*Asks:* 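Would you mind keeping the following structure in view while I ask a few things?
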Amino acid sequence: MTIEVQRLAPALGAVIEGLDLAEEIAPATVDRLSELLVEHQVLFFRNQQISPQAQARFAARFGTLHVHPIYPELPDLPEIMVLDTHRDFLPDNDNWHTDVTFSLTPPLAGILAAKRLPSCGGDTLWSSCAAAYEALSEPLRRLLEGLSAQHSVAKSFPAERWQSDPAFKERHERAVAKHPPVIHPVVRTHPVSGRKGLFVNSGFTTHILELRAAESEALLAYLYTHSARPEFTVRWRWQVDDVAFWDNRSTQHYAVADYLPERRTMYRATVNGDRPF
């Protein structure tokens, strides 16, 4: 089976052709996709009529699967998270974030499948944390490498969003109790490539420990703005049955919430990762 790779942007992103993700993938192909994931940071696949079971099976070729403590999931397949957003369940991923950095071991990767889309809008952008870090001046890079930051589940999942439904309220309270704030380095080293990248995000990062509050706020605001520069990003315009596969260790993403009152339904499988260093 021949894999074709088409780069989308200098910083990150590639379209992969020649694979049916619903089929059994050979070990050599899994290894090749792992290499391409590290190289391009986010991979896109068109025309993938993949069932939730096949999506979970594909994701499991890259590691054990994460079950999200708050978001809804498929009843018989908790490893598949359901992002079904509409006027009665508003989108909340319209901010730059790296998934689940409130965990001591944030995910290695996310695999998102488009199931239902609005007539227009609903794009997702990814940003390369490595490209953003490498574009900083050397003195600022040296400063950042000695810093650490706190990440909190409560920042991205405020209690008021989950209070109206008793089941979600209980789920949210359990998740917050189970996941106290954690500390990660501000600059993370990729465990495969060795490439360094920024590891703070507006979704979960609360403050930098070594700085005064005003200094932390100012530096984080700059890093968030810097990381979102168009030069470091790629934007994907979804079609039904598209699949995106991103390296959560080296990217952030932003789901554009411009489609209400229309509906957008996505299924996500998430591969467990390791502790950042």
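Since this is a predicted model, take the numbers as computed values, not measurements. One-based numbering along the sequence shown.
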*Asks:* Using 30° and 60° as the class limits, which term best fits the ring planes of Phe199 and His151: parallel, tilted or perpendicular?
*Replies:* tilted
*Asks:* If you measure only the distance, is there a donor-acceptor pair under 3.5 Å linking the side chains of Asn272 and Thr64?
*Replies:* yes
*Asks:* When you check the gap from the basic side-chain N to the acidic O, do Arg268 and Asp99 get nearer than 4.0 Å?
*Replies:* yes
*Asks:* Are side-chain N/O atoms of Thr251 and Gln41 paired as donor and acceptor at under 3.5 Å?
*Replies:* no
*Asks:* If you count every heavy atom of other residues, nucleotides or ligands that lies below 6.0 Å from Arg275 atom CZ, does the total exceed 12?
*Replies:* no
*Asks:* Measure across Val186 and Leu223 and return the closest heavy-atom pair with its distance rounded to 0.1 Å.
*Replies:* CG1-CD1, 4.4 Å
*Asks:* Which residue pairs pass the salt bridge (Lys or Arg N to Asp or Glu O under 4.0 Å) test with at least one member in residues 75-89, sequence neighbours excluded?
*Replies:* Asp84-Arg263
*Asks:* Can you list the residues that meet the salt bridge (Lys or Arg N to Asp or Glu O under 4.0 Å) rule with Glu262, with sequence neighbours excluded?
*Replies:* none
*Asks:* Distance-only, no hydrogens or angles: does the His172 side chain make a donor-acceptor pair with backbone N or O of Ile70 under 3.5 Å?
*Replies:* no
*Asks:* For a side chain to side chain contact (heavy atoms under 4.5 Å, CB included) check, start with the C-alpha distance between Ser127 and Phe232, then their side-chain angles and the critical distance, and finish with the verdict.
*Replies:* CA-CA 5 Å; Ser127 172; Phe232 311 140; 4.0 Å; yes
*Asks:* Pairs in or reaching into residues 101-122: which pass salt bridge (Lys or Arg N to Asp or Glu O under 4.0 Å), with residues at least two apart or in two chains?
*Replies:* none
*Asks:* With sequence neighbours left out, what residues match Gln6 under side chain to side chain donor-acceptor pair (under 3.5 Å)?
*Replies:* none
*Asks:* Would you say that Pro69 contacts Phe102 through its side chain, given a criterion of any heavy-atom pair below 4.5 Å between the two side chains?
*Replies:* yes
*Asks:* Is there a donor in the side chain of Glu210 and an acceptor in the side chain of Ser148, or the other way round, less than 3.5 Å apart?
*Replies:* yes
*Asks:* Not counting sequence neighbours, which residues clear side chain to side chain donor-acceptor pair (under 3.5 Å) with Glu23? List them please.
*Replies:* none
*Asks:* Looking at Ser216 and Ile208, would you say the former's side chain and the latter's main chain have a donor-acceptor pair under 3.5 Å?
*Replies:* yes
*Asks:* Could you check whether Glu134 pairs with Lys196 (Lys NZ or Arg NE/NH1/NH2 to Asp/Glu carboxylate O, under 4.0 Å)?
*Replies:* no
*Asks:* By side chain to side chain donor-acceptor pair (under 3.5 Å), which residues pair with Asn95, not counting sequence neighbours?
*Replies:* His97
*Asks:* For Arg32, which residues count as a side-chain contact (heavy atoms from CB on, under 4.5 Å) partner, sequence neighbours excluded?
*Replies:* Ile3, Glu35, Leu36
*Asks:* Strictly by salt bridge (Lys or Arg N to Asp or Glu O under 4.0 Å), give each pair with a member in residues 41-66 just once, sequence neighbours left out.
*Replies:* Glu24-Arg61, Arg46-Asp242
*Asks:* Would the Trp236 and Phe44 ring centres measure less than 6.0 Å apart?
*Replies:* yes
*Asks:* With sequence neighbours left out, what residues match Gln48 under side chain to side chain donor-acceptor pair (under 3.5 Å)?
*Replies:* none
*Asks:* I would like to know whether Arg249 and Val192 meet side chain to side chain contact (heavy atoms under 4.5 Å, CB included); could you show each step before the answer?
*Replies:* CA-CA 10 Å; Arg249 301 164 294 189; Val192 178; 3.9 Å; yes
*Asks:* Keeping the roles fixed (side chain from Asp258, backbone from Gly122), state whether a donor-acceptor pair exists under 3.5 Å.
*Replies:* yes
*Asks:* Decide whether Val30 and Ile16 are clustered together by the hydrophobic rule: side chain heavy atoms of Ile, Leu, Val, Met, Phe, Trp, Tyr closer than 4.5 Å, transitively.
*Replies:* yes
*Asks:* Can you tell me if CD on Glu217 sees more than 12 non-hydrogen neighbours from other groups inside 6.0 Å?
*Replies:* no
*Asks:* Just wondering, more than 12 heavy atoms not from Glu231 lying within 6.0 Å of its CD?
*Replies:* yes
*Asks:* List in chain and number order the residues that pass salt bridge (Lys or Arg N to Asp or Glu O under 4.0 Å) with Arg235, two or more places apart in sequence or in another chain; answer none if no residue qualifies.
*Replies:* Asp123
*Asks:* How about Phe277 and Pro191: do any of their side-chain heavy atoms sit closer than 4.5 Å?
*Replies:* yes
*Asks:* Can you sort out the partners of Ser51 under side-chain contact (heavy atoms from CB on, under 4.5 Å), two or more places apart, ordered by chain and number?
*Replies:* Gln53, Ala54
*Asks:* Can you tell me if Glu17 uses its side chain to pair, donor with acceptor, with the backbone of Val5 under 3.5 Å?
*Replies:* no
*Asks:* Taking the side chain as C-beta and beyond, is there a heavy-atom pair between Trp126 and Asp247 under 4.5 Å?
*Replies:* no
*Asks:* For a quick test of your reading: what N or O donor-acceptor pairs under 3.5 Å do the side chains of residues 175-185 make, sequence neighbours left out?
*Replies:*
| from | atom 1 | to | atom 2 | distance (Å) |
| --- | --- | --- | --- | --- |
| His179 | ND1 | Ala175 | O | 3.0 |
| His184 | NE2 | Thr101 | O | 3.0 |
| His184 | NE2 | Ser103 | O | 2.9 |

*Asks:* Please check if the distance between the ring centroids of His253 and Trp96 is under 6.0 Å.
*Replies:* no
*Asks:* Taking the side chain as everything from C-beta on, heavy atoms only, tell me whether Leu21 gets closer than 4.5 Å to Leu19.
*Replies:* yes
*Asks:* Is the shortest distance from a Lys or Arg side-chain nitrogen in Arg141 or Glu145 to a carboxylate oxygen in the other one below 4.0 Å?
*Replies:* no
*Asks:* What is the ring orientation for His86 with Phe89, classed by angle as parallel under 30°, tilted 30 to 60°, or perpendicular over 60°?
*Replies:* tilted
*Asks:* Checking Gln252 against Thr98: is there a side-chain donor and acceptor pair closer than 3.5 Å?
*Replies:* no
*Asks:* How are the rings of His68 and Tyr71 set to each other: parallel, tilted or perpendicular (split at 30° and 60°)?
*Replies:* tilted
